[in-house]
2 protein chains.
Amino acid sequence: MELRQIRYFLKAKELLNFTEAANSLFISQSTLSQQIKQLEIELDVLLFNRIGKRIALTEAGEMFAEHAVQSLNKANDGFLAMKDLNNLKTGKIIIGVTYGIRSFLTPALIEFSKKYPDIQVQVIFGISDELFEKLNQLELDFVLSFRESMDEEHFNYTYLFSSPMTFVTSDKSLIEGKETITLEEIAKMPLALPAKGFSTTKFINKIFTTSKLSPKISIEINDIQILLDIVKTGNWHTVLAQTTVSDVKELHAVPIAGESMTRSAMIISLKDVYEKKAVKVFCDILQKINSKES
Amino acid sequence: MELRQIRYFLKAKELLNFTEAANSLFISQSTLSQQIKQLEIELDVLLFNRIGKRIALTEAGEMFAEHAVQSLNKANDGFLAMKDLNNLKTGKIIIGVTYGIRSFLTPALIEFSKKYPDIQVQVIFGISDELFEKLNQLELDFVLSFRESMDEEHFNYTYLFSSPMTFVTSDKSLIEGKETITLEEIAKMPLALPAKGFSTTKFINKIFTTSKLSPKISIEINDIQILLDIVKTGNWHTVLAQTTVSDVKELHAVPIAGESMTRSAMIISLKDVYEKKAVKVFCDILQKINSKES
DNA sequence: TTTCTAAATCGGTTTTATCGATTGATTTAA
DNA sequence: TTAAATCAATCGATAAAACCGATTTAGAAA
């Protein structure tokens with residue numbers, strides 16, 4: 001039994017005339033006759049009484065039609081659901097975001113949701129390592145994160161923008177007013193840094209190591225919001241991408257002197273995975289917003 | 001899109017392995033691969049992510065599966081309903097019965113319903129002409145009626161039993177005690193007869209015409225039960241098949257002398273119409289009961 | 001590093017849907 | 001009543017599609 005036969009049967013039932021049904025389906029009458037006969041043989045019932053040149057539905061035919069029409073409708077529903085998905089009329093995207101990029105996400109989120117209100121967007125904030133693990137487990141559609149290299153073969157990397165790494169300090173501290181600061185100067189300050197899973201921390205460790213300096217780390221913490229509160233006290237400082245604190249008014253970001261003191265924000269996704277149309281559209285919006293801001 | 005593809009897709013979804021799914025369905029892996037690809041092309045989505053040698057369901061795949069499984073289940077329901085119909089687990093038969101045969105119907109009805117409790121039986125009492133019209137309109141599965149000839153080409157006739165035509169009178173009347181009565185004697189009596197649509201009336205008219213006699217018809221009525229009540233008064237008599245009054249204790253049936261004074265009870269059905277299994281079984285029971293009683 | 005294995009692809013074969021023509025019978029029109 | 005039209009069934013042939021085994025490609029396991 002195939003949907004084709006069901007389609008033929010239901011049309012014949014509707015028109016109660018094999019020739020008309022065949023014409024309506026753009027097939028020959030003999031095809032329709034044969035396919036319905038096959039269905040009858042398979043079901044071991046007669047679906048139609050053939051009376052002279054006319055047809056009448058049998059009890060079996062009536063009974064079968066109830067199920068047949070539902071089967072066909074469900075299949076059509078499936079087809080239409082795929083259409084909706086492709087037309088951005090339904091679906092869901094799941095985005096992993098690191099802290100420093102949240103302010104760039106918001107405008108894209110607003111624009112996307114306004115344009116495609118039927119698409120559900122789930123945003124998961126997290127530290128880089130966790131987010132990439134979720135990406136590998138197909139739990140995320142993409143990750144927004146800072147990255148220094150595009151070194152994982154199975155990932156797609158799409159550049160968004162660069163943000164300078166800055167020395168972040170409180171407005172209360174004495175360091176306000178400096179136009180730039182060196183790593184040597186930072187190495188003498190009490191620092192509160194993100195915990196080990198943060199890509200920012202990896203970056204910080206790398207630049208200090210490269211410069212043969214040791215930072216004076218007083219605090220390591222895995223919550224950026226609390227980290228910022230600690231810096232607000234004026235007793236500790238930190239090093240973060242400028243975008244991380246661009247909207248925090250009690251904090252001051254001082255550019256760090258030296259080369260390679262910028263980090264690139266990227267859209268990172270899995271290569272082998274089918275790119276949902278909604279994901280593609282969202283990323284396009286992200287890039288559009290980024291090019292506008294630069 | 002065909003149910004075949006849906007079956008393949010759902011098995012692949014279940015096992016998350018094309019090769020195993022193919023084996024499970026007794027087809028080759030390449031067939032499964034190609035058919036799923038065809039489905040994906042038609043739906044314009046990827047249903048599976050191919051990650052190395054493994055497969056994972058996409059969002060589209062998950063969404064589609066919800067509809068697909070229902071479509072397949074409804075089709076299977078239709079198939080199973082046909083099985084039930086053939087196994088006498090469901091269905092309905094509609095029987096048209098003339099008055100004189102009702103006492104033979106009851107035992108068959110009881111036996112059938114005991115044996116096949118899930119089959120609905122609808123019994124329609126009526127006069128012959130009405131019942132045959134309904135039969136022609138496919139509103140009845142068959143008719144139980146007396147018949148003299150098998151003269152309609154598009155009907156099937158199955159003989160059940162013969163019943164003598166009798167002069168029916170009240171126990172109160174003076175005619176009780178006669179072993180037989182002639183048409184001449186009957187012609188002198190005040191008669192209450194069934195109305196024109198009854199085949200019994202046609203039979204009575206015929207035998208009187210053939211004998212060149214005119215019955216003294218005082219009353220014509222189209223309700224047999226009332227007719228019998230009228231006869232019970234003792235003021236009028238009637239002519240009916242013996243079976244019509246075999247279970248009425250206030251009435252006495254006197255055999256009518258002469259040849260051709262019997263009528264045959266038959267099962268009459270349409271030739272062009274698919275005979276339901278339930279109908280066939282019911283008729284077999286009717287015939288079995290009849291051969292037992294004779 | 002080698003071997004195994006799973007999905008994709010290829011080219012050929014088998015099966016099935018489909019077609020147009022014809023048959024048989026009924027219905028309609030003249 | 002006859003002739004013509006028409007409708008479902010059937011037939012034989014063809015086109016299309018499902019299917020197969022072999023091979024390729026690449027990932028996973030040993």
Atom pair distance, as rounded to whole Å: CG in A:Leu270 and P in D:dG27: 13 Å

Within the structure provided, determine whether A:Phe64 and A:Val45 are in side-chain contact (heavy-atom separation under 4.5 Å). no

Measure from OH on B:Tyr8 to P on D:dA17 and round the result to the nearest Å. 15 Å

Looking only at the side chain of B:Phe18 (C-beta and beyond, no hydrogens), which of the listed nucleotides C:dT18, C:dA8, D:dA8 gets closest? C:dA8

Look at all strands and tell whether A:Gln38 reaches a base, only sugar-phosphate, or nothing, counting heavy atoms closer than 4.0 Å. sugar-phosphate

Quick one: A:Leu15 CG to D:dA8 C1', roughly how many Å, whole number? 15 Å

Taking the nucleotide of DNA chain C with the nearest heavy atom to each, does B:Glu40 or A:Gln5 sit closer to the 5' end? B:Glu40

The nucleotide from D:dA9, C:dA7, D:dA18 with an atom nearest the side chain of B:Ser33 is C:dA7

Could you check how far CZ of B:Arg54 sits from P of D:dA28, rounded to whole Å? 6 Å

On the side chain of B:Gln29, is there an atom forming a donor-acceptor pair with the base of C:dA8 - under 3.5 Å, no angle test? yes

Distance only, no hydrogens: is a donor on one side chain within 3.5 Å (strictly under) of an acceptor on the other, for B:Ser128 and B:Arg147? no

Rounded to whole Å, the CG-P distance (B:Leu47 to C:dA7) equals 15 Å

Assign each of A:Ile51 and A:Phe26 to its nearest nucleotide of DNA chain C by heavy atoms, then name whichever residue's nucleotide is nearer the 5' end. A:Phe26

Rounded distance (Å) that lies between atom P of C:dA8 and atom CG of B:Asn49: 11 Å

Is B:Phe48 touching bases, backbone alone, or none of the nucleic acid, heavy atoms closer than 4.0 Å? nothing

C:dT18 OP1/OP2 closer than 4.0 Å to side-chain N/O of A:Thr31: no

Counting only side-chain nitrogens and oxygens, does A:Arg4 get under 4.0 Å of the OP1 or OP2 atom of C:dA17? yes

Give the nucleotide from the list C:dC4, C:dC19, D:dC20 with an atom nearest to the side chain of B:Lys53. C:dC4

Quick note, A:Gln34 side chain, CB onward, closest among C:dG20, C:dT26, C:dA6 is C:dG20

Side chain of A:Ile55 only, please: which of D:dA8, D:dT10, D:dC7 is the nearest? D:dA8

Taking the minimum atom-to-atom distance to the side chain of B:Asn17, which one of C:dA7, D:dC7, C:dT18 wins? C:dA7

Among the candidates C:dT27, C:dC19, C:dT9, find the nucleotide nearest to the side-chain atoms of B:Ser30. C:dT9

Whole angstrom value for the distance that separates P of C:dA7 from CG of B:Leu46: 15 Å

For A:Ile27, report the nucleic acid contact type (base, sugar-phosphate, nothing); a contact means any heavy atom under 4.0 Å. sugar-phosphate

Choosing from D:dC19, C:dT18, C:dT27, which nucleotide comes nearest the side chain of A:Gln35? C:dT18

Name the orientation class of the two ring planes belonging to B:Phe142 and B:Phe282 (parallel below 30°, tilted from 30 to 60°, perpendicular beyond 60°). tilted

Tell me: CD of B:Glu2 to P of D:dA17, nearest whole Å? 11 Å

Can a side-chain donor-acceptor contact be found between B:Ser28 and B:Thr31 if the only test is distance below 3.5 angstrom? yes

Identify which nucleotide among D:dA8, D:dC19, D:dA28 has an atom closest to any side-chain atom of A:Thr19, counting heavy atoms from C-beta outward. D:dA8

Does B:Phe146 reach the side chain of B:Phe198, with side-chain heavy atoms less than 4.5 Å apart? no

Just by distance, no angles: are the side chains of A:Gln34 and A:Gln38 close enough, under 3.5 Å, to form a donor-acceptor pair? no

